[in-house]
Amino acid sequence: MTDTISTAQPRYAQIKEAIRRRISSGDWPEGFQIPSEHKLLEEFSVSRMTVHRALRDLTDEGLLTRVQGLGTFVAERPPSTDVVELRSIADEIAERGNVHSCRVEQLLAVTADAGLARRFNLPVGARLFHSVVVHSESDVPVQLEERWVNPAVAPDYLEQDFTRQTPGEYLIRLESSPQVEHVIEAVSPTAEIARLLDIPVAEPCLRVTRRTWVQGRVVTVAMLVHPGSRYRLGARFQLPPP
């Protein structure tokens with residue numbers, strides 16, 4: 001694909017403009033692995049330093065994400081509207097006058113595959129912490145929480161007792177005022193999720209994928225799955241004046 005670019009701009013800015021157009025047009029969708037620096041310098045007939053600066057600037061702006069040893073990808077863009085407040089499920093259950101309890105199914109260190117590396121902006125094979133916790137309301141499972149955590153932010157994560165405080169409560173105490181991204185989807189549970197939540201495989205579920213970061217560093221990625229018959233998602237807010 002060849003772009004027409006303005007010669008009035010510096011060459012690195014021309015390359016940035018061309019890449020932006022490819023992303024905004026949908027030619028390069030979210031998660032797309034863009035051509036290597038070598039291919040780009042051949043296409044635009046510039047030096048490696050010029051291509052490198054263009055890619056670095058777009059990465060700093062959040063349009064691209066670079067994964068060491070894997071390549072450069074079009075970044076996943078956050079949703080335009082955030083309708084979910086960052087709250088502890090234990091607090092939600094207590095406000096309804098019910099009792100929260102949980103059991104820890106998994107708590108261990110893992111290595112990042114390509115998908116996780118891209119979400120955390122870390123190299124493939126980087127060390128992450130992984131937890132799987134089932135939250136119950138008055139002994140009825142209402143949420144399966146699967147979470148990956150950056151050890152650089154929470155080095156003692158694996159040593160916590162998450163039957164006494166939720167992973168979210170622990171992490172929010174470590175890093176105040178995080179940026180939060182939510183993606184909400186209707187999904188069918190896998191056989192394992194159905195088993196953990198004690199629901200039929202045919203029951204529809206609501207999945208909230210939550211990513212938080214502080215000062216440009218991703219802290220955690222969590223997938224929260226709720227049985228459709230046991231959970232409702234809502235929000236109350238005030239519209240700005242016209």
Side-chain angles (χ1 to χ4, degrees), residues 78-79 81-110 116 119-120 128-187 189 192-199 203-238:
T81 303
D82 186 3
V83 298
V84 182
E85 184 181 357
L86 186 60
R87 300 184 62 207
S88 165
I89 189 169
D91 291 341
E92 292 181 23
I93 291 171
E95 287 179 7
R96 291 193 286 268
N98 295 325
V99 178
H100 169 265
S101 61
C102 68
R103 70 177 187 270
V104 178
E105 295 287 335
Q106 195 171 93
L107 185 60
L108 74 170
V110 297
L116 284 170
R119 284 175 174 264
F120 277 89
L128 296 172
F129 295 147
H130 182 227
S131 60
V132 177
V133 177
V134 178
H135 298 275
S136 294
E137 181 170 354
S138 299
D139 296 326
V140 177
V142 293
Q143 184 190 90
L144 174 64
E145 173 190 341
E146 184 170 18
R147 185 183 295 271
W148 294 266
V149 176
N150 188 338
V153 179
D156 298 327
Y157 186 78
L158 299 184
E159 300 170 18
Q160 305 308 306
D161 180 358
F162 291 127
T163 64
R164 300 177 64 87
Q165 65 175 336
T166 69
E169 289 172 333
Y170 170 71
L171 291 170
I172 201 68
R173 292 191 180 103
L174 296 181
E175 295 286 354
S176 60
S177 302
Q179 292 178 283
V180 183
E181 168 190 297
H182 284 114
V183 177
I184 305 169
E185 302 168 287
V187 298
E192 178 64 8
I193 289 175
R195 182 187 70 81
L196 292 172
L197 289 174
D198 192 22
I199 58 174
E203 174 157 349
C205 292
L206 184 70
R207 181 174 68 197
V208 179
T209 302
R210 174 183 295 164
R211 181 166 59 160
T212 63
W213 63 99
V214 175
Q215 297 179 348
R217 181 169 61 176
V218 177
V219 176
T220 181
V221 174
M223 290 194 298
L224 314 173
V225 181
H226 308 85
S229 63
R230 302 174 189 168
Y231 192 83
R232 292 190 303 168
L233 180 65
R236 177 182 293 180
F237 55 90
Q238 183 173 351

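All residue numbers refer to positions in the sequence shown, counting from 1. Note that the structure is a prediction, hence the values are computed from the model and not measured.
A distance of 7.5 Å separates CG of L224 from OG1 of T209, quoted to the nearest 0.5 Å. Distance check, rounded to the nearest 0.5 Å: NE2 of H135 to NE2 of H100 gives 5.0 Å. For the atom pair CG (D198) and CG (L144), the distance works out to 12.5 Å, reported to the nearest 0.5 Å. The distance from the CZ atom of R217 to the OG1 atom of T212 is 11.5 Å, given to the nearest 0.5 Å. For the atom pair E181 CD and R119 CZ, the distance stands at 7.5 Å (nearest 0.5 Å). Here the CD1 atom belonging to I93 is positioned 7.5 Å from the OG atom belonging to S101, to the nearest 0.5 angstrom.
Side-chain contact check for V219 versus N150: every heavy-atom pair is 4.5 Å or farther apart. Side-chain contact between H130 and E146 is present, with heavy atoms from C-beta onward closer than 4.5 Å. Two residues are said to be in side-chain contact when any heavy atoms from C-beta on lie closer than 4.5 Å; R103 and L196 meet this criterion. Between E169 and D91 there is a side-chain heavy-atom pair separated by less than 4.5 Å. E145 is not listed as a side-chain neighbour of I89, based on a closest heavy-atom distance of 4.5 Å or more. Residues P189 and I199 form a side-chain contact, since some pair of their non-hydrogen atoms from C-beta on lies under 4.5 Å apart.
In plain terms, the two heavy atoms of V225 and L197 that are nearest each other are O-CD1, 4.0 Å. For the pair G228 and E203, the tightest heavy-atom approach, listed with the atom from each and the gap, is N-OE2, 3.5 Å. Taking every heavy atom of both residues into account, S131 and L107 meet most closely at CB-CD1, 3.8 Å. Closest non-hydrogen pair, W213 versus V218, comes out as CB-CA, 3.5 Å. When all heavy atoms are compared, the tightest approach of V110 to W148 is CG2-CD1, 4.2 Å. A pairwise comparison of heavy atoms in E105 and V134 identifies CG-CG2, 4.0 Å as the closest pair.
Between the Q165 side chain and the D161 main chain, no donor and acceptor come within less than 3.5 Å of each other.
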For this session: Could you walk me through whether L128 and L116 pass side chain to side chain contact (heavy atoms under 4.5 Å, CB included), step by step?
Result: CA-CA 9 Å; L128 296 172; L116 284 170; 4.1 Å; yes

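Within 6.0 Å of atom CG in D139, 12 or fewer heavy atoms from other residues, nucleotides or ligands are found, so the atom counts as exposed in its surroundings. The local environment of CZ in R96 is crowded, with over 12 non-hydrogen atoms from other residues, nucleotides or ligands closer than 6.0 Å.
Listed by chain and residue number, F162 satisfy the ring-ring contact (aromatic ring centres under 6.0 Å, His included) test with Y157 (two or more places apart in sequence, or in another chain).
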